[in-house]
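The next block holds one structure in the form of C-alpha cells; read it before the comments.
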2 protein chains.
Amino acid sequence: MTTTLHFKRGELYSFITGQASTAIARRLQKKFNHASLNLTIEQWSVLYHLWKTDGISQQDLCNATFRDKPSITRLVDNLERLELVKRVPSDKDRRVNHIFLTDYGRSLRDKSMSIAEDTLNEALVGVPADKIETCKQVLQIVYNNLK
Amino acid sequence: MTTTLHFKRGELYSFITGQASTAIARRLQKKFNHASLNLTIEQWSVLYHLWKTDGISQQDLCNATFRDKPSITRLVDNLERLELVKRVPSDKDRRVNHIFLTDYGRSLRDKSMSIAEDTLNEALVGVPADKIETCKQVLQIVYNNLK
DNA sequence: TTTATATAGTTGTATAACTAACAATTGCAT
DNA sequence: ATGCAATTGTTAGTTATACAACTATATAAA
C-alpha cells in the first residue's frame with residue numbers, strides 16, 4: 001500500500017485544460033457584456049487588486065495576478081486607454097510606476113463584484129459547501145506545489 | 001437556515017482566474033520545452049483527442065476541446081504547418097474536413113502523455129486521493145452548470 | 001424546383017499570454 | 001568613485017481566444 005498517485009489517463013485532461021475555470025470566465029465575460037460593462041476578465045482581475053490596494057506598482061500587480069511583466073504592461077496600457085487607471089511615476093524610485101484608479105475605475109467595483117459573485121453562485125449550484133471547501137483546499141495546494 | 005451559497009468576497013478570485021490550472025499548464029509547457037517537444041499545451045490538447053479518435057472533423061474537435069470554430073481552424077493550421085496533422089476533405093459532405101494524424105503526430109503521444117502524468121502528479125503532491133476525487137466531482141458539476 | 005434555413009469552415013479584428021531582448025535606474029562591492 | 005548585478009518596466013514576435021461577418025455546402029419546406 002502506497003500513497004503515490006498515478007493519475008489514470010483520461011482523467012487528466014480537464015484538470016490540465018482548466019475547463020471549469022474557462023467556463024466560469026466565459027460566463028462572467030458574457031454577464032459583463034450583457035451589463036454593458038466594457039471590461040475583459042483580465043482587466044477586471046487587475047482592477048480587483050487595485051480596489052483592494054490602490055496605487056501599487058506594476059511589479060506588485062504581476063505578483064498579485066500571477067502574470068509576467070509584459071502582460072501587465074499591456075493590461076495597464078489598455079486600462080489607461082479606457083481611462084480606468086493612471087500610471088504615476090514614483091518619486092522615490094524612478095523605475096517604478098504606481099497605478100491609481102480613476103473615479104471611473106473606482107465606480108465599476110460594486111457592480112462588477114456583484115456580477116462575479118452571481119456567476120460563482122451559478123457555477124456552484126448543487127455543490128455542498130463542504131465539497132467546495134475541499135476543492136478550494138486542493139486547488140490551493142496545487143498552486144503552492146507549482147508556483 | 002438556508003442552503004443558498006453566498007460566496008464571500010476574497011474567496012472568488014482564484015476560482016474565476018483559474019490560478020491552479022494556469023499553474024499546471026505553465027509547468028507542463030516548461031516540461032515540454034525542456035524535453036524539446038515543440039508543442040503548445042493547446043496543440044497538445046487537440047492531439048490528445050486525435051490520439052483517442054483519429055480522423056474526426058474540426059467541429060468534433062470544437063466540441064471535444066471546448067473551443068470555437070475559429071480557434072480550431074487556427075490550431076489545425078499550425079498543427080498542419082508543424083506536419084503533425086493533415087486536413088482531408090470528406091467524401092460524403094464537402095463542407096467537412098477530417099483531421100488525421102501524421103506518423104510524426106502519432107509518435108509524440110507516449111512521451112507527451114507521460115510528461116503530462118508526471119506534471120499532474122507533481123501538482124497533487126500532498127493531496128489525499130479522496131480529496132482529489134471530490135475536487136474532480138466539483139469541477140465537473142461546475143462545468144455542467146455552465147457549459 | 002425554388003427558397004429558406006442550418007451547418008462547416010475561414011477570415012478579420014481586438015485582447016491577451018509567453019519568450020527574449022532591451023533601457024533605465026538602483027544598489028552594492030570593491 | 002567605478003563597475004557589476006539586480007530590479008522595473010517596455011518592445012518585438014509568435015501563438016491563442018472571442019466575436020462578427022463571410023463562403024460554401026447540405027437539408028428541408030413551399
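We name chains A, B, ... by the order of the sequence lines, and we start the count at 1 in each one.
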Test side-chain contact (heavy atoms from CB on, under 4.5 Å) applied to B:D54 and B:R106, step by step | CA-CA 10 Å; B:D54 199 15; B:R106 249 184 305 274; 3.6 Å; yes
Answer yes or no: are there more than 12 heavy-atom neighbours, outside B:N33 itself, under 6.0 Å from its atom CG?
-> yes
Just how far, in rounded Å, is C1' of D:dA18 from CZ of A:F32?
-> 16 Å
When hydrophobic residues are tied together by side-chain contacts of less than 4.5 Å, even through go-betweens, does A:L139 share a cluster with B:Y13?
-> no
Atom CG of A:D77 and atom P of C:dA14: how far apart are they, to the nearest Å?
-> 16 Å
Atom CG of A:N63 and atom C1' of D:dT8: how far apart are they, to the nearest Å?
-> 12 Å
Any side-chain heavy atom of B:W44 sitting closer than 4.5 Å to one from B:L37?
-> no
Figure out the CG/C1' separation between B:L61 and C:dA8, and round it to whole Å.
-> 13 Å
In whole angstrom, what separates B:N97's CG from D:dA24's P?
-> 15 Å
Out of D:dG9, C:dT11, D:dT25, which has the shortest distance to the side chain of B:T73?
-> C:dT11
Answer yes or no: are there more than 12 heavy-atom neighbours, outside A:E83 itself, under 6.0 Å from its atom CD?
-> no
More than 12 heavy atoms of other groups within 6.0 Å of B:N144 CG | yes
So does A:K31 have more than 12 non-hydrogen atoms from other groups sitting under 6.0 Å from NZ?
-> yes
B:S57 versus B:V96, closest heavy-atom pair with distance = CB-CG1, 3.8 Å
At a cut-off of 3.5 Å, list every protein nitrogen or oxygen paired with a nitrogen or oxygen from nucleotides 4-7 of chain D, distance to 0.1 Å.
| residue | atom | partner | partner atom | Å |
| --- | --- | --- | --- | --- |
| D:dT7 | O2 | A:R95 | NH1 | 2.8 |

Between the protein and nucleotides 16-20 of chain C, list the N/O to N/O atom pairs that are separated by less than 3.5 angstrom.
| residue | atom | partner | partner atom | Å |
| --- | --- | --- | --- | --- |
| C:dA16 | OP1 | A:T40 | OG1 | 2.5 |
| C:dA16 | OP1 | A:Q43 | NE2 | 3.2 |
| C:dA16 | OP2 | A:N78 | ND2 | 2.5 |
| C:dA17 | OP1 | A:R67 | NE | 2.5 |
| C:dA17 | OP1 | A:R67 | NH2 | 3.0 |
| C:dA17 | OP2 | A:R67 | NE | 3.4 |
| C:dC18 | OP1 | B:R26 | NE | 2.6 |
| C:dC18 | OP1 | B:R26 | NH2 | 3.0 |

Tell me: CG of A:L39 to P of C:dA14, nearest whole Å?
-> 19 Å
Through what angle, rounded to 10 degrees, does the axis of the helix from C:dT1-D:dA30 to C:dT30-D:dA1 turn between its ends, using five pairs per end?
-> 10°
Is there side-chain contact between A:L124 and B:N145, with heavy atoms separated by less than 4.5 Å?
-> no
Between B:S57 and A:R81, name the one whose nearest nucleotide on DNA chain C is closer to the 5' end.
-> B:S57
May I have the distance from B:W44 (atom CH2) to D:dA16 (atom P), rounded to whole angstrom?
-> 15 Å
Transitive ILVMFWY cluster of B:Y143 at side-chain heavy atoms under 4.5 Å: who else is in it?
-> B:F66
Which residues in residues 85-93 of chain B have at least one heavy atom lying under 4.0 Å from any atom of DNA chain C?
-> B:R87
Side-chain touch B:L47/B:L39, heavy atoms, less than 4.5 angstrom | yes
Do A:L75 and A:V88 share a hydrophobic cluster, counting only Ile, Leu, Val, Met, Phe, Trp and Tyr and linking them when any side-chain heavy atoms are less than 4.5 Å apart?
-> no
Got a sec? Which of residues 101-108 of chain A come in under 4.0 Å of DNA chain D, heavy atoms?
-> none
Side-chain heavy atoms of B:I56 within contact of B:I99, under 4.5 Å | no
N-O pairing of A:R27 and A:D118 below 4.0 Å | no
When every non-hydrogen atom of A:G55 is compared with those of A:F100, the smallest separation belongs to CA-CE2, 3.4 Å
Same apolar cluster (I L V M F W Y, side chains within < 4.5 Å links), B:Y104/B:L101 = yes
